[in-house]
Amino acid sequence: MTAELVRGQNHPLPGTRMEIRVTAGTPVVAAATLNDAQGRIRGAEWTAHPAAPRLPGVEVSRRAAAVHHLALDPGALPQGVERVSILLALPAGPGAPPGFAGLPAPFLAVTGPDGTELASYTVTGLATESAVVALELYLRRGAWKVRAVGQGYADGLAALFADQGLAEAHTLAAAVQEAVTAGADDAVAPPQQSPAPHAAASRGAAGGASAGGPVDYRHPRRAPAATGAAPPAPPGPGPGTGEDAGAQPVAGDAAGWSLEERLHNQVWGIFEDLARSVAAYRSAVDFADARRERELDGVLADPQARVGAAAAEARARAEARHSTLVEQARAVLERDAAQLEAEAEVVEPALPPAMARWDNPVWHAYRPPTERPLALRVGDVSLPERAGLRVPLLVRLPLERGLWIDSGRPRSREAGAADADELRHLARTTAAALAARVLAVHPPGEVTLRIIDPAGAAATALLPLVESGVLADPPAAGASGVARTLERLTQRVDLVRMAVRSGATDALPPDLDLADQLLVVHDFPHGFDDRAVNQLRYLADEGPAVGVSLLLVADRDEARGFGPLLDPLWRSLLRLTPVPDDHLADPWVGHAWTYEPLRVPAGSRVVPQVLRHAAAARRTAGG
């Protein structure tokens, strides 16, 4: 029976490995502090937070999220720890809410090793507080208990840490927020409209923030998979068999007003389903590992039984149980992934050009569209457990967040051995193909492409765009070209913003280009003075609201000489890479996904052909 706690109440705990699930309804930071009997922190090393998510016996999330799964093993806590405080905080930054007032009340549930919910607490009564000690797990007379605390702090994490006796409270709070901001740079935003039925079903099963229930990792339209801490169920029938398998997948069977929207939502459903299926698998493997460790520790704890035939048999039994649990979890993952692969194979050929790969036949039958697209495919993402299942990465249009092609050295092993010059060339080529895609999928005249190439380094990559005639102006080069282009775009943003605010859009100058603008900037920040840098930041912040989007090609490491001046710019953009790299995080579970850019097939002339059609349609529309 679950104990539904109110502030100040406590409830006994088993003292074994457990999970604390947080459902906040809005992105929050989750952390934990290890305290002594008086509730004091020994030092920053006794705090688990996004910058240092693992401590002995405690693990928290690396990013701000609406849902968290915190692991706690009291038996593995350091000597002297008698309390563990579970903290929640609102991320800092522009646009962040000043406090919890008006936000959904955070809900926390403590579950045992078998997944049974032991106690829950809804943190109510918060107003201007931006950080809160939600729960406290404490040791009393040799037994662990949980207490609902709900102590909020209007001055945020720094005040909370200081209240627990941490001398470097402000330094640690700043480090936490810096790590959260860095994690948000690479997070993929979920679609804001018409969620896929897969996603809706998942949230319905979870109970969501309003219901206050724990997140359910089970695939909404498939046989149950393993949940967070419990051993997985035995694998059921394979794809296409049994009662749960359902009919063969059909392209466009998600919710939506049009086929395009249904396909978009179906892709996001596959994305979410794979994230949750892999999360269930990883959680089940963690459970199997923890169980094996406990059983082996039990063998070693008895001096008389740690050697000899009995000890060997006990170890063998522990290993056999571990193997069985892992195999069952893997079988469930394979079943779910096979069904998702079957669905992806049906969806991929049906995608419209904006969402299709360059090798999709839809591009060979390309005709300039008459309506704006819903979303743009910017690459594919995959997880190592099922690397062959590549999910289209779609971003909604118009772009509310600019894109950044990182021409620097990727950090993952998947990046390959490309040298610096090759990476820069690949980044420029990737940006050119992406810009061509944006132009091609919009009706003629509705997007104007402007390019800044200060030193002419991207001339080769830009040849298809230049030769086709789709550019309104040649690529801007030199300091004067950079200044002229940025001045024109900032003036356009200023005029349109003022006209929209005053309701006088009919008073805009007749020669003002009201088409959406996509600005592609190469080799930033080389060739940019302070004024140009500030203008670019202004366009990144204010441009999307009035139809000006940014596509930046840059090496962030080379730009570090500017110091923190450019940090807000990097954070405002979605980072993509010209080679595979595992830097993107999904918005549901927070896995690190391997991103792979869209590649034009070797020897293919599809991009020049498409651009010629787009240029001809542009001339017809303008003439």
Side-chain angles (χ1 to χ4, degrees), residues 188-204 219-222 239-240 245-275 336 338-382 389-400 433-434 436-447 516 549 586-588 598 606-607 609-610 613-614 617 621:
V188 180
Q192 299 300 310
Q193 299 175 12
S194 302
H198 306 61
S202 295
R203 288 189 291 272
H219 194 296
R221 298 197 304 173
R222 296 164 174 83
Q248 291 297 316
V250 177
D253 70 346
W257 293 103
S258 65
L259 177 59
E260 182 186 25
E261 186 174 12
R262 293 196 296 271
L263 288 167
H264 168 271
N265 292 339
Q266 191 170 10
V267 168
W268 271 89
I270 295 172
F271 190 8
E272 179 175 4
D273 288 347
L274 182 59
D336 281 355
Q339 291 177 318
L340 289 172
E341 284 180 342
E343 188 171 1
E345 288 175 0
V346 171
V347 170
E348 185 68 49
L351 293 175
M355 304 181 198
R357 289 196 297 252
W358 284 114
D359 58 358
N360 192 310
V362 71
W363 283 108
H364 297 288
Y366 169 79
R367 291 292 180 271
T370 58
E371 295 183 357
R372 286 174 169 265
L374 179 71
L376 184 76
R377 187 175 188 162
V378 296
D380 295 333
V381 291
S382 61
L389 177 51
R390 290 179 170 84
V391 182
L393 178 60
L394 306 179
V395 295
R396 291 296 290 261
L397 294 175
L399 290 172
E400 294 183 0
L434 197 53
R437 174 177 288 257
V438 172
L439 277 179
V441 300
H442 281 84
E446 293 204 7
V447 171
D516 287 352
S549 302
D586 66 78
W588 306 286
L598 293 174
V606 63
V607 173
Q609 290 171 4
V610 165
H613 282 294

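Keep in mind that this is a model prediction, so the values were computed, not measured.
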Shortest non-hydrogen contact between Leu259 and Gly252, atoms and distance | CD1-CA, 4.1 Å
Under a 4.5 Å cut-off applied to non-hydrogen side-chain atoms, are Asp516 and Ser549 in contact?
-> no
Roughly how far, to the nearest 0.5 Å, is the CG atom of Leu393 from the CG atom of Leu598?
-> 9.0 Å
Atom CD of Glu272 and atom CG of Asn265: how far apart are they, to the nearest 0.5 Å?
-> 11.5 Å
Between Asp273 and Asp336, is any pair of side-chain heavy atoms under 4.5 Å apart?
-> no
Can any side-chain N or O of Tyr366 pair as donor or acceptor with the backbone N or O of Ala440 at less than 3.5 Å?
-> yes
Could you give the distance from CG (Leu389) to CZ (Phe271), rounded to the nearest 0.5 Å?
-> 11.0 Å
Report the distance from atom CD of Glu341 to atom CZ of Arg390, rounding to the nearest 0.5 Å.
-> 11.0 Å
Counting N and O atoms only, with roles assigned by atom type, does the side chain of Gln266 sit under 3.5 Å from a partner on the main chain of Ala254, one being a donor and the other an acceptor?
-> no
Test item: Trp358 and Arg437 side chains (from C-beta on) under 4.5 Å apart, heavy atoms | yes
Can you name the salt bridge (Lys or Arg N to Asp or Glu O under 4.0 Å) partners of Glu446, sequence neighbours left out?
-> Arg372
Might you work through the side-chain contact (heavy atoms from CB on, under 4.5 Å) test for Val346 and Gln248, ending with a clear yes or no?
-> CA-CA 9 Å; Val346 171; Gln248 291 297 316; over 6 Å; no
What closest approach, in Å, do Ala354 and Ala375 show between heavy atoms, and which atom pair accounts for it?
-> CB-O, 3.2 Å
Mind checking whether Val447 and Val441 have side chains closer than 4.5 Å, heavy atoms only?
-> no
Would you indicate whether the side-chain heavy atoms of Leu374 and Arg396 approach each other to under 4.5 Å?
-> yes
To the nearest 0.5 Å, atom CD of Gln339 lies from atom CD of Glu343 at 9.0 Å
Minimum side-chain heavy-atom gap Glu260-Pro373 below 4.5 Å | yes
With sequence neighbours left out, the residues meeting salt bridge (Lys or Arg N to Asp or Glu O under 4.0 Å) with Arg357 are Glu348, Asp359
Is there a side-chain contact between Val267 and Leu351, using heavy atoms and a 4.5 Å cut-off?
-> yes
